[in-house]
Each structure stands twice: as C-alpha cells, then as structure tokens.
Amino acid sequence: MSKKKTKKIKTLKLRIGFFYHDLLNLYGDSGNVRALAFHLREQGIEVQIDRLALEDPKDIASYDWIYMGSGVERSLILALTDLRKYKAEFEKAIEGGTYILTTGNSFELFGKEIRMPNKTYPCLGLLDFSTEYKARTVHDLLLPYGEEQLVGFENHSGVTVENKETPFLRSEDRQEGVTKNHFTGTYTVGPLLVRNPFLCRELVKNLILTKDPNYPLTEGDYTVEEEAYANSLNWMTETKLS
C-alpha cells in the first residue's frame with residue numbers, strides 16, 4: 001500500500017532581541033516586545049525572544065527586530081559601555097535595514113555624544129545628532145504620524161541637538177526622535193506599540209513581508225488596543241495636549 005504524501009506547511013520564524021531588558025525597562029517597555037510577539041504569533045509566526053543582559057553575548061546580525069527601552073542615567077551609561085563592543089555590527093544592521101526600535105532615552109546612545117551637566121559621553125556615532133541634558137520634560141504626547149495621531153508619554157532631560165537625521169515625529173511647532181532606514185528612536189516611553197495599534201500593525205506586516213513577501217497575512221485582532229487608543233485620543237484631543 002502506497003503512503004499518501006502530505007504537503008509540508010512552510011513555517012516562518014522571527015527572532016527578537018530585547019537588549020538590556022533588566023536595565024532599560026522603566027515604564028513597562030517590555031510591553032512592546034510582548035505585544036509584537038503576540039501579534040506575530042497570531043499570524044502563525046514562530047517567535048524567539050532573547051532577553052539580553054550586559055554580560056550576554058550579542059549576535060546582532062541574527063535578529064529580525066531589536067528593541068531597547070528607557071533607563072535611569074546610570075543604567076544608560078552601563079548599556080553604552082557594552083554597546084561600544086558592538087559598534088561595527090550595529091552599523092551594518094542600521095545600514096542594512098534591520099528593524100530597530102529604541103524608546104525613551106536609549107536612542108541617545110546611537111548619536112555622537114551625550115552632554116550631561118558634569119560630563120560628556122562619546123556615543124556610537126552611528127546617527128548624526130547629539131544629546132544635551134537640560135531641564136526635565138514630563139508630559140503626555142500627541143503628535144501626527146502620517147495620517148494618524150500618535151499618543152504617548154515622555155519623561156526625559158535629554159534634548160536632541162544638531163540633528164541631521166529625519167525626525168520620527170514632526171508638527172508645526174516641534175520635532176521628536178530620529179529615524180534612519182528602519183531604525184526608530186523616540187522619547188516616547190512605555191508600551192508604545194500597545195498604545196498605538198497602527199504602529200504595531202505596520203511593524204508586524206513589515207517584519208513578515210521582509211522575511212517572506214508572499215506570506216498570507218490576516219487582519220489580526222487589535223480590538224482592545226483600538227478601544228484604548230480611541231479613549232486616549234479623545235481625552236488628549238479634548239484637553240488639547242500636544
């Protein structure tokens with residue numbers, strides 16, 4: 001009796017690197033990793049998450065998405081010391097279009113330098129901007145992102161100066177963050193992808209189609225996130241936050 005051949009289903013695997021999960025995770029930043037992994041798995045994707053600490057070896061080229069959150073100044077400088085060992089690898093990743101998201105003050109590490117009141121720290125110099133520490137900024141954030149409105153929260157002393165990169169967000173009266181290829185840096189802290197489901201949808205789609213342009217995407221269920229986003233947007237619009 002001949003055995004009936006079954007068609008093998010192609011599986012897709014994506015690898016996430018959560019850098020300095022124990023140092024740079026002040027505002028529930030880990031929610032970004034959890035949300036992205038959830039919606040990737042919803043699409044039938046196998047997801048591997050590597051939560052990397054200072055002492056862990058880091059194979060930059062192996063990751064489809066790299067994430068860093070926010071931290072206190074001491075933690076930021078500790079991360080910078082470790083990142084310097086991987087400068088060449090990160091340069092290849094940024095130039096090669098690896099998807100990288102850095103929220104809070106972690107994107108400062110990729111610029112030229114951080115000028116704190118008592119000391120200046122040379123950074124990776126992979127992006128053309130510097131950071132100068134001034135008075136602390138703490139407030140909710142509402143800025144245009146394409147045809148959408150991004151909601152968030154910022155709490156930082158760093159100010160982006162001498163920026164020759166493209167801002168992540170911009171309005172008539174301010175610019176925020178930096179982008180280059182698929183690198184995104186923003187002072188918006190916390191679960192950015194949860195609070196702005198359109199960002200999560202976009203990232204899920206881009207990561208999958210970069211890996212396999214013919215992958216059969218589904219809509220995904222963002223009902224809870226969209227309801228929360230609508231409530232936040234309504235409240236911020238009513239109180240005229242910007």
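Values below: all heavy atoms of this structure, side chains included; hydrogens, waters and symmetry mates excluded.
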Using the benzene-type ring in the case of Trp, are the ring centres of Tyr187 and Phe107 under 6.0 Å apart? yes
Distance flag, aromatic centroids of Phe19 and Tyr67, threshold under 6.0 Å: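 Distance test on ring centres: not under 6.0 Å, no.
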Does any part of the side chain of Leu207, heavy atoms only, come nearer than 4.5 Å to the side chain of Ile45, both counted from C-beta? no
Evaluate the side-chain proximity of Tyr222 to Val204: yes if any heavy-atom separation is below 4.5 Å, no if none is. yes
Does any pair with a residue in residues 90-110 pass salt bridge (Lys or Arg N to Asp or Glu O under 4.0 Å), and if so which ones, sequence neighbours excluded?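 Non-adjacent pairs meeting salt bridge (Lys or Arg N to Asp or Glu O under 4.0 Å): Glu95-Lys180.
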Run Asn25 and Tyr20 through side-chain hydrogen bond (donor to acceptor under 3.5 Å, both in side chains) and show every step you take. CA-CA 8 Å; Asn25 186 20; Tyr20 314 114; over 6 Å; no
Hey, are [Y] and [X] close enough side-chain-wise for a donor-acceptor pair under 3.5 Å?
X      : Y      : answer
Thr131 : Glu113 : no
Asp29  : Ser70  : yes
Glu202 : Tyr145 : yes

Tell me which pairs pass side chain to side chain donor-acceptor pair (under 3.5 Å) where either residue lies in residues 161-170, with sequence neighbours left out. Arg115-Glu162
State yes or no: do Ile16 and Ile60 share one hydrophobic cluster built from I, L, V, M, F, W and Y residues joined by side-chain heavy-atom distances below 4.5 Å, directly or via other members? no
Checking salt bridge (charged side-chain N to carboxylate O under 4.0 Å, His left out) between Arg201 and each of Glu226, Glu42, Glu225, which is the one that passes? Glu226
Could Arg15 and Tyr63 be counted as a cation-pi pair, given that NZ or CZ must be under 6.0 Å from the ring centre and within 45° of the axis?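 Yes, a cation-pi geometry holds between Arg15 and Tyr63.
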Is it the case that atom CZ in Arg74 sees more than 12 heavy atoms from other parts of the structure closer than 6.0 Å? no
Is the count of non-hydrogen atoms from other residues, nucleotides or ligands lying under 6.0 Å from Glu147 atom CD greater than 12? no
Going by side chain to side chain donor-acceptor pair (under 3.5 Å), name the residues that satisfy it together with His156, two or more places apart in sequence or in a different chain. Glu154
Output yes when a side-chain donor or acceptor of Lys58 lies under 3.5 Å from a complementary backbone atom of Ala53, and no otherwise.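 Side chain of Lys58 to backbone of Ala53, a donor-acceptor pair under 3.5 Å: yes, one is there.
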Can you check whether Val138's main-chain N or O pairs, donor with acceptor, with Asn155's side chain at less than 3.5 Å?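 Side chain of Asn155 to backbone of Val138, a donor-acceptor pair under 3.5 Å: no, none is there.
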Set out, in order, the CA-CA distance, both residues' side-chain angles and the distance that settles side chain to side chain contact (heavy atoms under 4.5 Å, CB included) for Phe153 and Arg195, then state yes or no. CA-CA 10 Å; Phe153 178 75; Arg195 298 194 70 186; 4.1 Å; yes
